[in-house]
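Notes for the one structure printed next.
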Amino acid sequence: MITPIQGFSKLTKDQKIKWIAEKYTTNTQETITTLTKYWNTDATLQKLHDEFIENTISNYYLPLGIAPNFLINNKLYAIPMAIEESSVVAAASKAAKFWLGKGGFKTTVLGTEKVGQVHFMYKGDSKKLKTFFDYIKPILLKDSLHLTQNMVKRGGGVLDIELRNKTKDLADYYQLHCTFETKDAMGANFINSCLEQFAQTLKREAENYSDFTTNDEKVEVVMSILSNYVPNCIVKAEVSCPVEDLNDDKTIAPTEFAKKMIRAVNIAKVEPYRAVTHNKGIMNGIDAVVLATGNDFRAIEAGIHAYAAKNGSYTSLTHASIDKGIFKFWIEIPLALGTIGGLTGLHPLVKLALEILQKPTAKDLMQIVAVAGLAQNFAAVRSLVTTGIQQGHMKMHLMNILNQLGATDDEKNILVNHFKKNTVTHSGVISEFEKLRKN
Ligand code: MEV
């Protein structure tokens, strides 16, 4: 029987590995070998990774791939993507190439405002609270100067603090709804530090406010935290071309292709079951670049999905139209990203990814990431409405199956060639592999 452990974090890395291997795995030695095999031989680099989180026992690798030929606002990018799903980088590259000769991607940042809130309770008269808030607003800003000075020097800072009455949704509930500009930083630490300072000031000033005399007029701070919902930190990316130029695929007429694309997007607009998968395909591109550039993909996911449901039902993040003979395909999403701070200056591969992207500002990165999402969606929907998705997926999956089977390089070459002309299925690959081995 396994009993709880006290002080796990205080054990050395070797002790932690031994403990987990002995308690939770069947082959202690094999577990130790697997975990240590993934350690970096460069001890300094390994120490860096060890210290990213608590209780590190090894490194978890994902492939880092490159999707080249992305023309974005007339500049050519090769986009680094960290992802395990076999078809994603191939699909992105294909979409990049498709649009390369058609003017490429055009992008615009529509806003960069970040949000944070101090959530608090107050039972008294709301008008009295408003008068109190108007009085303390300059004090809130003054008290946080030591935190905001540097950000202000970089052109950012606190944009506004608003008192929001949420008592219709929850009894006695109010917020300081705060907006920020954090320039090239994602800004989570900056925002949270400011919010905690606002909360302290709010509490102190409420305690000393002479017009708050009754018990109901107490301010009780519940929590202070940034919001990952950033509907005013928005980027738009689009591609467009005359319908007749959509002629890359000789098996389908350009007009029919354009109409099928629009119909597929319209289905995702009205049908949440489809919208979720449609948007998942978009996130394949977005997460991969967000991860490669050291940003927080959970924050990005949460914010984007909330945005997809902003009008009350979950819908497509992309849009498509034909107007005066021009096919247009676009995306508009919130993206709170950073190119300084966090992992960006620490993780050598993140630094390199940002260098490959020509050292982007946060605004540049918003545009690149939005393009990756749009390209991924274009590639997926294109396959779905033409060949079906499995053709491409299984081609890419072939290598995974062959690796699982332990195929040698020669065997892989033979079987990849064979499946250029034959449909890839899991059982088909196994049977061809066995045939080859017998021979
Ligand atoms: C698979 O990872 C993504 C797709 O399902 C996206 C889509 O259906 O649009 C292919």
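When a ligand or atom number is given, it counts from 1 through the structure's own listing order. Values below: all heavy atoms of this structure, side chains included; hydrogens, waters and symmetry mates excluded. What you see is a predicted model, and the numbers here were worked out from it, not measured in a lab.
- Under a cutoff of 6.0 Å and an axis angle of 45°, K435 and F433 do not form a cation-pi pair.
- Counting atoms of ligand 1 from 1 in the listed order, those under 4.0 Å from a heavy atom of E85 are 1 (C), 2 (O).
- K18 and E22 are joined by a salt bridge, as a carboxylate oxygen and a charged side-chain nitrogen come within less than 4.0 angstrom of each other.
- Scanning the protein for heavy atoms near atom 8 (O) of ligand 1, the closest one is R274 NH1, 2.8 Å.
- By the 6.0 Å and 45° rule, K328 stacks over the aromatic ring of W330.
- Near H278, with a cut-off below 4.0 Å to any heavy atom, the atoms of ligand 1 are 9 (O).
- Atoms of ligand 1 lying under 4.0 Å from any heavy atom of K280, numbered from 1 in the order shown and given with element: 1 (C), 2 (O).
- For ligand 1, the atoms sitting less than 4.0 Å from at least one non-hydrogen atom of T277 are 5 (O), 6 (C), 7 (C), 8 (O), 9 (O), numbered in the order shown with element in parentheses.
- Looking at N377 against ligand 1, nothing comes within 4.0 Å, counting heavy atoms.
- Considering R164, H119, K168 in turn, H119 is the only one that fulfils the side chain to side chain donor-acceptor pair (under 3.5 Å) rule with Y173.
- Nearest heavy-atom pair, A292 versus L64, reported as atom, atom and distance to 0.1 Å: CB-CD1, 3.9 Å.
- Seen from the ring of F257, K260 does not count as a face-on cation partner, given the 6.0 Å and 45° thresholds.
- Less than 4.0 angstrom separates some heavy atom of L384 from each of these atoms of ligand 1: 7 (C), 8 (O), 9 (O).
- Atoms of ligand 1 found under 4.0 Å from any heavy atom of N284 (numbered from 1 in listed order, with element): 1 (C), 2 (O), 3 (C).
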